[in-house]
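Per chain, numbering begins at 1; letters A, B, ... match sequence-line order.
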Number of protein chains: 2
Amino acid sequence: MDIKRTIDDIDHKILQILQEKSRIPNAEVARQVGMAPSAVLERIRKLEDRQIIQGYEVRLNPHPFNQGLMAFVLVTVQSASRADLATLLTQVTGVQDVHQVAGEDGYLLKLRVADNAELGRVLADEICSLAGVLQTKTNIVLNTIKETRKLDLNRYSS
Amino acid sequence: MDIKRTIDDIDHKILQILQEKSRIPNAEVARQVGMAPSAVLERIRKLEDRQIIQGYEVRLNPHPFNQGLMAFVLVTVQSASRADLATLLTQVTGVQDVHQVAGEDGYLLKLRVADNAELGRVLADEICSLAGVLQTKTNIVLNTIKETRKLDLNRYSS
DNA sequence: TATGAAAGACTCTCTTA
DNA sequence: TAAGAGAGTCTTTCATA
């Protein structure tokens with residue numbers, strides 16, 4: 001175990017509640033964990049300070065915003081590429097994720113665009129045109145069965 | 001434009017605020033958009049009813065929960081596979097995403113596990129062992145440069 | 001749809017344990 | 001760390017426009 005304090009059962013329960021629905025009054029969380037609201041507030045603040053809670057997001061439907069098509073693009077780059085290539089990739093239209101992956105000097109992007117036409121345009125004009133990009137392999141998503149940020153909290157080890 | 005009402009500038013602004021930090025008092029949103037809190041509440045409810053807002057999530061640090069290693073696994077399956085294979089894949093340890101992808105009868109999984117040892121175990125025991133799975137190709141994430149759910153809201157077309 | 005009023009609920013700080 | 005008290009704020013419904 002490390003220097004930071006541990007995550008106890010109450011923290012655990014608080015996080016579980018926030019994983020289900022984060023936009024919920026503090027007092028309601030307090031009720032569910034059976035504690036005073038002030039104590040729960042204090043705990044949530046500490047979880048934020050300790051960066052165990054990293055933020056609160058809204059999950060929006062991408063369709064009304066013309067981003068109904070999702071694709072994963074594996075970008076292979078020259079090993080001597082400029083160090084800021086990753087940063088340039090984060091700025092590509094529709095990019096939600098940029099991960100450096102092991103293996104063939106590459107990055108894996110997750111992006112949301114309107115349709116195949118736009119995907120083609122983005123690949124050609126915004127990705128392949130970057131200096132150092134050797135090739136791309138694209139997986140187009142037909143159907144998303146599961147997509148969540150939830151973690152299994154029962155794997156915490158003190 | 002479709003049957004549903006449009007997303008106007010005020011909705012737009014509300015969504016933008018919630019994309020930045022969703023756990024924020026309604027009254028604060030109202031202040032930022034310059035409207036009465038009751039009107040903003042009404043709008044947020046309608047956005048939820050219309051499924052434009054699909055939920056509110058907390059973003060947790062995966063490290064304290066022993067899920068610091070992320071990997072993408074492309075699973076190729078027999079074309080005659082049982083229809084519920086996708087559902088079985090959603091239940092694999094550490095799986096956060098399951099997407100059906102075009103091309104080679106496959107699924108793309110995003111998973112978070114403790115380390116390489118666990119990844120190996122999950123691949124062997126929980127994925128390859130499923131009936132209908134032909135092969136897997138794994139991309140291990142070394143470093144995540146960007147990971148967000150935010151959409152570019154300026155692409156809405158009425 | 002928006003506002004404003006009003007009752008009740010919630011937040012958040014501070015004190016005490 | 002937790003509880004409780006209290007001042008101030010927020011939520012939510014309803015009447016009205």
Same apolar cluster (I L V M F W Y, side chains within < 4.5 Å links), B:Ile7/B:Val40: yes
Shortest non-hydrogen contact between B:Arg112 and A:Arg155, atoms and distance: O-NH1, 4.0 Å
Estimated bend of the helix from C:dT1-D:dA17 to C:dA17-D:dT1 (axis per five terminal pairs, rounded to 10 degrees): 30°
Sub-4.5 Å side-chain heavy-atom contact between B:Asp8 and B:Arg43: yes
For atom CD of B:Glu48 and atom P of D:dT12, their distance in whole Å: 10 Å
A:Gln96 side-chain N/O to B:Leu151 backbone N/O, donor-acceptor pair under 3.5 Å: no
Terminal contacting nucleotides, 5' and 3', DNA chain C versus chain A (heavy atom, 4.0 Å): C:dC10 to C:dT13
Side-chain touch B:Ile24/B:Val29, heavy atoms, less than 4.5 angstrom: yes
Residue-level proximity of residues 10-31 of chain A to DNA chain C when a heavy atom falls under 4.0 Å: A:Pro25, A:Asn26, A:Ala27, A:Arg31
Sole candidate of A:Ile127, A:Thr138, A:Val98 that passes side chain to side chain contact (heavy atoms under 4.5 Å, CB included) when paired with A:Val75: A:Ile127
Interatomic distance, A:Arg45 CZ vs D:dA2 P [rounded to whole Å]: 14 Å
Pairwise side-chain contact, A:Ile14 with A:Ile44, heavy-atom cut-off 4.5 Å (strictly under): yes
Rounded interatomic separation in angstrom, taking CE from A:Met35 and P from D:dA2: 4 Å
A:Phe72-B:Phe72 aromatic ring centre distance below 6.0 Å: yes
Heavy-atom check, side chain of A:His99 versus side chain of B:Asn143, under 4.5 Å: no
Within-4.5 Å side-chain heavy-atom neighbours: A:Val77 and A:Leu85: yes
